[in-house]
Amino acid sequence: MHMSTTENIQMRLQSVNEVSFSMNLSNIDENLNPDDLQIGFANQIIPDIENNTISIIFGVQYVYEANKVLDCIYKFSFEVMDLNKFVTIDGDNITISYIMPHFLSVIIGTMRGILVVRTVGTLFAKYPLPMFDVNVLNNSLSQNK
């Protein structure tokens with residue numbers, strides 16, 4: 001479906017809830033090279049077309065030397081007017097047209113803030129979530145399904 005860029009999409013972030021958070025600093029050296037820290041993402045999409053809401057469970061994981069050292073998973077719920085225009089469900093396959101980069105932009109910015117607060121006073125405070133092109137991230141997450 002093609003949307004014109006002048007069309008006004010009415011959506012809002014309804015809630016942000018922690019699903020899980022864990023941090024393990026036991027095998028990390030104080031002189032950690034940031035290049036040795038790998039960042040991974042995972043997401044799960046839960047649309048509720050009838051109520052014009054969509055929840056996205058989004059996880060950020062830091063891995064160091066094959067060990068998961070930080071795992072942060074939150075559930076973001078959005079309200080989207082006429083959600084059925086943007087979501088296609090085919091069996092287990094859920095496709096979101098046009099609005100996913102908007103969701104990811106909000107989610108990444110919020111996760112960055114959460115990680116800053118949750119890692120204050122730890123080694124991870126030096127390694128905030130980097131800037132991402134949400135379109136590239138969206139394509140990457142879509143291919144991982």
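Taking the six-membered ring for Trp and the full ring otherwise, the centers of Phe41 and Phe58 sit less than 6.0 Å from each other. When ring centroids are compared, Phe76 and Phe103 stay outside the 6.0 Å threshold. Taking the six-membered ring for Trp and the full ring otherwise, Tyr62 and Tyr127 have centroids separated by 6.0 Å or more.
The hydrophobic cluster containing Leu129 also contains Phe21, counting ILVMFWY residues as joined when their side-chain heavy atoms lie under 4.5 angstrom apart, directly or transitively. Hydrophobic clustering keeps Val16 apart from Ile46 (ILVMFWY residues linked when any side-chain heavy atoms are closer than 4.5 Å, directly or through intermediates). One hydrophobic cluster, built from ILVMFWY side chains closer than 4.5 Å, holds both Leu137 and Phe86.
A cation-pi arrangement is absent between Arg12 and Phe78, since the terminal nitrogen or guanidinium carbon is not both under 6.0 Å from the aromatic centre and inside a 45° cone about the axis.
The shortest heavy-atom contact between Arg112 and Pro130 is NH2-O, 2.7 Å. Across all non-hydrogen atoms, the minimal contact from Asp71 to Gln61 is OD1-NE2, 3.6 Å. Contact between Tyr74 and Cys72 at its shortest, heavy atoms only, is CE1-SG, 3.5 Å.
A 4.5 Å side-chain heavy-atom check between Ile56 and Met100 finds at least one atom pair inside the cut-off. Side-chain contact between Phe124 and Leu25: present, with at least one pair of heavy atoms (C-beta onward) separated by less than 4.5 Å. The shortest side-chain heavy-atom distance between Ile73 and Ile57 falls under the 4.5 Å cut-off. With contacts defined as side-chain heavy-atom distances shorter than 4.5 Å, the pair Val69/Val63 does not qualify. Counting only heavy atoms from C-beta outward, the side chains of Gln14 and Thr53 approach each other to under 4.5 Å.
Note that the CD1 atom of Ile89 and the OG1 atom of Thr95 stand 9.5 Å from one another [nearest 0.5 Å]. Remark: Arg118 CZ to Met23 CE distance equals 7.0 Å, nearest 0.5 Å. The distance from atom CD1 of Ile96 to atom CG of Asn138, rounded to the nearest 0.5 Å, is 8.5 Å. Here the CG atom belonging to Leu83 is positioned 4.0 Å from the CD1 atom belonging to Ile49, to the nearest 0.5 angstrom. In this structure, the separation between CG on Asp48 and CD on Glu79 is 11.0 Å, given to the nearest 0.5 Å. Between the OG atom in Ser140 and the CG atom in Leu104 there is a gap of 10.0 Å [rounded to 0.5 Å].
In this structure, the side chain of Ser105 does not engage the main chain of Pro101 through any donor-acceptor pair within 3.5 Å.
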Step-by-step side chain to side chain donor-acceptor pair (under 3.5 Å) determination, Asn93 to Asp90
CA-CA 5 Å; Asn93 200 8; Asp90 180 17; 5.4 Å; no
Assess whether side chain to side chain contact (heavy atoms under 4.5 Å, CB included) is satisfied between Ile54 and Ile99, documenting all intermediate values.
CA-CA 11 Å; Ile54 187 163; Ile99 57 176; 5.8 Å; no
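Residues Ser26 and Asn24 have side chains that bring a donor and an acceptor to within less than 3.5 angstrom of each other.
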